[in-house]
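Have a look at the structure below before the remarks.
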Amino acid sequence: MSLYREDSLKKEYTDERGIFKADCQHTNETALKYIAWKLAQNGRQIDAIYAFISEQVREYSLDKFKELIKDEYYKEMIVDVPLYNNGELKGSFRSISTMFDVLQAYMEENADDRIVIHVDMTGGLRHASMLMLALIRMLKYIGMELGMVLYVNFNTAQIENADDIMDMFTLLGGAEEFNSFGNVNQIQNYFDRLNSKKIRTSSAALELLLEEMRDFSEAIKVCTNYKDMTEVLSLLGEALRIYKKIIKSKSNRLSEQELFFAKLILVIEKTYADILPQNNRPSSVPAIIKWCAKRDFLQAAVTFYTEWLPVYLIENKLVIVNDGSIEKECKKNKAWANWQVSFFKNYRPMMEMTINPDKIEVDELTYNTVKKLIGSGLTAVEILGKVKGKNEKFDKFLKETVKFIKQFTKPSDRINFVKKFDGLSKDNMVKHILKESIPPNYNGDFKSYIRQRVAREDNNIEAVILNAVKNMDRTKVMKYFELKEDEKATTEEKSMERRDVFELMLKKNIIKTTLPKERFLQFVEEYSRYVNDWRNQFSHANSSAASRESNFDIAKAIVESVNLIDVQQNS
């Protein structure tokens, strides 16, 4: 509310169309009378009035203002809200917060009603309009509907509609919302609202652009497939090209609202720059994933990283699978839409992995430890040296193995393997393990099975006995040797294992890569670790500061990991 001036004269104020007319002495008085008159046209009226009032206005002007409206039905409705620090800038936050609380309380008391707030931006100090604009944004945020926004021009004695000022902020807010979150709704709703009033403010080219922007936003939300994403981006790029051409050649035909919005088009174009098609070439998989990560579309970035990159690597021949049976085998895994994802996550070649015995830690004897030790190529004596004293039964088995194989000093001794085997006592552990290792579906007798095993191991009797442990059912091995349960492998251990698998496939020429070997293997390791970790994290997502910090780390990790296999980045 403005100060009451004793020397002010009554004037006839009117609206822009000259229909409303009223003799008024005070600009705020004019605005109130106009709002009441305008509402009455539709059978409505003012329900409540709230005014920012400074200490000076409260002391010298409030009562005089009420005298000016003594004949109006709303004369007793004014609720004064303090303008702190007598309206100085440093009191702004407190002033707005207080008014916000008052209006929010009114909204809660009338929860079933449609709340429309009308605003007079005329009175008060020079920065009053700044306060009002901030307050309006807050009130719209909590669901209040904005009605008339007025400014009473004292010099021309005319009531002006200030909606255009609000529209500028709506468009700027919409551009900011899109730039931050990819959401185009605010911009689209703004032009739809104006167009619904039969005031054509948006060109067909702008409407097409907004439509394509919205389709891109939806594609990100639903984490669409790569083919559909490139189609959406192609249409968006074309819509941008057309709109820039329209701005340049037909700017004199565009509405002032659209011309204002057009000033922001360079910012919007810059937002998309890294992922729009170039020279008729579609956006690359790495570019889209990194774009999503950098702009905090984290769910999409993780999904695209998981589902697109294996396909990208194989289809672009950055990884070449030489064994044709692998695709068929991976397609059996129905957990993933693309066989390439199953290949990177789960595929293991049907061959023995060479395990470095120095990397095997034997703090306690578990099934996996036993399996790794036997798979490492160590002899029974060497294994015994690593595990002695850890498990009495396994120690005994290894000692009996060493004793048994001493009988085979000459190649001719191997011919008598079955006979020597029959000579073992019933409680001999070597005898028990060999018998238990026969597959349940094996059709032959024990002798034929043993002969096959000896031939497969190149007459290495020790290998036949040790590998029999690996061929036994896991549950039987654990029960027989009274082994401890294995701790679940950590994500890091699993990812290192996937790296070893891919390194072996490269060595055996099962696959080839045109990428630098170490970069590729590092990517494989990170892919295995990140996919599991990130999916678990999103399954237990929360809004804590720790999560936000973690999200930043994920975004950074995605970009760095994708850079390892991004040909354009590394060229």
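Throughout, numbering of the chain's residues begins at 1 and tracks the sequence.
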Exercise. Is Asn471 reaching over with its side chain to a backbone N or O of Ser437, donor-acceptor style, under 3.5 angstrom?
Worked result: no

Problem set entry | Stepwise ring-ring contact (aromatic ring centres under 6.0 Å, His included) check, Phe421 with Phe446 | CA-CA 11 Å; Phe421 173 82; Phe446 176 70; 4.8 Å; yes

For this session: Taking the six-membered ring for Trp and the single ring otherwise, decide whether the centroids of Phe216 and Tyr272 are under 6.0 Å apart.
Result: yes

Exercise. Could you go step by step and tell me if Phe502 and Phe343 meet the ring-ring contact (aromatic ring centres under 6.0 Å, His included) rule?
Worked result: CA-CA 10 Å; Phe502 273 75; Phe343 173 67; 5.3 Å; yes

Exercise. According to the interplanar angle, ranging from 0 to 90°, do the rings of Phe394 and Phe481 count as parallel (below 30°), tilted (30 to 60°) or perpendicular (above 60°)?
Worked result: perpendicular

Exercise. Just how far is it from atom CD1 of Ile242 to atom CG of Leu209, taken to the nearest 0.5 Å?
Worked result: 9.5 Å

Seminar exercise, completed: In this structure, OH of Tyr480 is separated from CG of Asp473 (nearest 0.5 Å) by 15.0 Å

Exercise. In Å and rounded to the nearest 0.5 Å, what is the CG to CZ distance from Leu564 to Arg519?
Worked result: 5.0 Å

Exercise. To the nearest 0.5 Å, what is the distance between CG (Leu384) and NZ (Lys390)?
Worked result: 12.5 Å

Exercise. Closest heavy-atom contact between Ala300 and Cys292?
Worked result: CB-SG, 4.3 Å

For this session: Answer yes if the ring centres of Trp308 and Phe304 are under 6.0 angstrom apart, and no otherwise.
Result: yes

Exercise. Quick one: do Glu526 and Arg498 make a salt bridge, cutoff under 4.0 Å?
Worked result: no

Exercise. With distance as the sole criterion, is a donor-acceptor pair present between the side chains of Asp445 and Ser448 under 3.5 Å?
Worked result: yes

For this session: Quick one: sort the Tyr305 and Tyr530 rings into parallel, tilted or perpendicular, breaks at 30° and 60°.
Result: tilted

For this session: Mind checking the CD-CD spacing from Glu108 to Gln104? Nearest 0.5 Å is all I need.
Result: 5.0 Å

Problem set entry | Thr366, Ile374, Asn368 screened by side chain to side chain contact (heavy atoms under 4.5 Å, CB included) with Val370, the one that passes | Ile374

Exercise. If you round to the nearest 0.5 Å, how far is NZ of Lys388 from CG of Asn391?
Worked result: 14.0 Å

